[in-house]
Amino acid sequence: MESSLELTTSLTGTYPPLRTRIFKIIVIGDSGVGKTCLTYRFCAGKFPDKTEATIGVDFREKVIEIDGEKIKVQLWDTAGQERFRKSMVQHYYRNVHAVVFVYDVTNATSFRSLPAWIEECRQHSLGQEVPRILVGNKCDLRHGLQVGTEVAQKFADSHSMPLFETSAKNPDDNDHVEAIFMTVAHKLKSQKPLMLSQVPGDGGVLPLRKSEDEDEKSWSCGC
Amino acid sequence: MYLKKSKSVGASSPLNGIGKQDWDSRRKRKMGEIAQALSVTPVDVAALRRMAISEGGLLTDEIRCQVWPKLLNMNTDNLPEKPAADLRENHKDYHQVLLDVRRSLRRFPPGMPDDQREGLQEELIDIILHVLDRNPQLHYYQGYHDIVVTFLLVLGERLATVLVEKLSTHHLRDFMDPTMDNTKHILNYLMPIIERVNPEVHDFMQQAEVGTIFALSWLITWFGHVLSDFRHVVRLYDFFLACHPLMPIYFAAVIVLHREEEVLECECDMASVHHLLSQIPQDLPYETLISRAGDLFVQFPPSEMAREAAQQHSQQTAASTFKDFELASAQQKPDSVLRRRRRERAAAQAQAQAQTQAQDMAVARPRARRLVRLAVMGLTVALGAAALAVVNTALEWAPKLDLHLFP
Ligand SMILES: Nc1nc2c(ncn2[C@@H]2O[C@H](COP(=O)(O)OP(=O)(O)O)[C@@H](O)[C@H]2O)c(=O)[nH]1
Ligand SMILES: [Mg+2]
């Protein structure tokens, strides 16, 4: 991997072609919906045998390759408990390139919380152009289903987000979790300008302008 | 007494390179001293504090069952019976507690049979809900269960319940506010302590803008969440129970400082540094780090750091972007904004007062310094001093530290 240290100083306006680009994605949603398991599955390729409550913010990353370009995908896995969000998690919204909202298909409450999570994002002033996706997790638990695809799809449509239903646990869906994050990565890669390096000292969210207008509806949150 | 897992901790030397026989005899002597301190009336709590801090800590779980209550000034002669009331379902935090306890498998000894572990998990839920129910001012936080499980495993359910309740209204009080503002404030001590010892590491971390959330779980679980060896956890609990409630943040600083080289070699960005620091090495030299934390506490006591921690906070506020300001006003109801402004004004006044006071004290300072230096020269003496400081302040610990220290 190319060293990026010597390049970080020249990051005003242009992006260095040699630097491994970083896609920073924040994963949010109620406690227990499976955020830790999903991020773990994407980064480690398997369902963790023992997860624990996430305290504050956990970080996982994975290097992927798209069209021959190596890209570092950084997943920021956040604590779901309300009290951590106000004063603790703020810092991690900075420079975020995409947001993954997660609910649990067997838990209607977690679905009903989504507007509050969307509102949290809005309060952190994420730009419209920051892609958002909705993930319904635990689809392996067919019997306990509480949130049907239709109602979830309707919600996703109303917020202009694509919906994915998956399971972090079910091995059959192994590719699916991977595919979801890869979809986000592809989306980010297609966006211009490609200013996806973290600039030290930059306090705001980096602007990622859309490349294709027709994408707008299904990727940016209309809130 | 309950589970004997951590018993063997003292059997081998906690300090590498020191002869086993040597340690064995010192261990025996220490056990005698602890028994002695326990046998006098009233119990010699100051001696017990020194034992809990010094090499090897309290050695066995049997001793911990006797000494931990004393460190919290508790009388455990008449333990309440297990409460009959079923607190489940109707407690507001029940679901969160259940969720966190159910997935806390890693906190239990690897070889433990499932049904035994499940029984303990039920007890864990009961203790937590019992304490919360009796103290409506306390709010559950994810990580609280990591602390409670340690007490449960060492002390058993009944004793753990009373100790945890006491601890929750003292050492852990700030973490259990409705919001985590006070917790954040305590985290603000971290960087000033690091700066005093190693400005280079401090500057590097500031430049990376890593923040302090990597240390959040360390602080609010007393490292119970991040250390996999239970023996290390109880050793640290000996130390923290004997010390000022802010000691865990000094220990956090010591861990970062111990990893100085790794930190400085790390890529200077938030993700890399956060990632590096949040993965705690499991083979830390605990005894050395404990005594170093004790030294730092004596050299840079909370009263000295409080001002900087508060300043760090106000600097952050001052340097915040317009966006942040907008955010704050959007999020908060006008009255809470006003209340906060009032609080900030009060804090600023207290700060100004403290500065004048500090100037007044400037003459006296060097001498105090020299005394501290002398104390630091002998480790035991230094830790004794730390323990003494504790006796005087720990139980009067109040959340608004910065204000209380500069009346
Ligand atoms: N059946 C099933 N259980 C899951 C799945 N994902 C997570 N879980 C379980 O749900 C619980 C909470 O998961 P976790 O990832 O810790 O949730 P988080 O609080 O959102 O990070 C754990 O007990 C997991 O084992 C899934 O896809 N299927
Ligand atoms: Mg989690």
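Chain A is the first sequence line, chain B the second, and so forth, proteins listed ahead of strands; every chain is numbered from 1. None of these values were measured; they are calculated from a predicted model.
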Stepwise side chain to side chain donor-acceptor pair (under 3.5 Å) test for A/E52 and B/S104: CA-CA 6 Å; A/E52 288 187 87; B/S104 66; over 6 Å; no
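- Across A/Y92 and B/M270, no two heavy atoms sit closer than the pair CD2-CE, 3.8 Å.
- No side-chain heavy atom of B/F214 sits less than 4.5 Å from a side-chain heavy atom of A/V57.
- Using non-hydrogen atoms only and a strict 4.5 Å limit, the part of residues 91-100 of chain B facing chain A consists of B/Q96, B/L99, B/D100.
- For residues 211-230 of chain B, every residue pair satisfying the salt bridge (Lys or Arg N to Asp or Glu O under 4.0 Å) rule, not counting sequence neighbours, is listed here: B/D229-B/R231.
- Among B/H225, B/M180, B/Q142, the residue making the largest number of heavy-atom pairs under 4.5 Å with chain A is B/Q142.
- The two residues B/I213 and A/G56 come nearest to each other via the heavy atoms CG2-CA, 4.2 Å.
- Scored by the ring-ring contact (aromatic ring centres under 6.0 Å, His included) test, A/F47 finds no partners at all (sequence neighbours excluded).
- Neither the backbone nor the side chain of B/V101 comes within contact range of chain A, judged by heavy atoms closer than 4.5 Å.
- Closest approach of A/F59 to B/H274, counting heavy atoms only: CB-CD2, 3.9 Å.
- Within 6.0 Å of atom CD in B/E261, 12 or fewer heavy atoms from other residues, nucleotides or ligands are found, so the atom counts as exposed in its surroundings.
- Applying the ring-ring contact (aromatic ring centres under 6.0 Å, His included) criterion to B/Y141, with sequence neighbours excluded, gives B/Y144.
- The two residues A/H91 and B/E209 make their nearest non-hydrogen contact at NE2-O, 3.0 Å.
- Taking each heavy atom of A/S31 and B/R103 in turn, the nearest pair found is OG-NH2, 3.3 Å.
- Judged by distance alone, the side chain of A/R83 and the main-chain N or O of B/D177 form a donor-acceptor pair under 3.5 Å.
- Heavy-atom minimum distance, B/H145 versus A/A53: CE1-CB, 4.0 Å.
- Between the CG atom of A/D58 and the CD atom of B/Q279 there is a distance of 8.0 Å, given to the nearest 0.5 Å.
- No more than 12 heavy-atom neighbours from other residues, nucleotides or ligands sit within 6.0 angstrom of CD on B/E200.
- The OG atom of B/S278 lies 12.0 Å from the CD1 atom of A/I55; values are rounded to the nearest 0.5 Å.
- Contact check for A/D49 versus B/L105: no side-chain heavy atoms found under the 4.5 Å cut-off.
- Heavy-atom distances place the side chain of B/R107, and not its backbone, under 4.5 Å from chain A.
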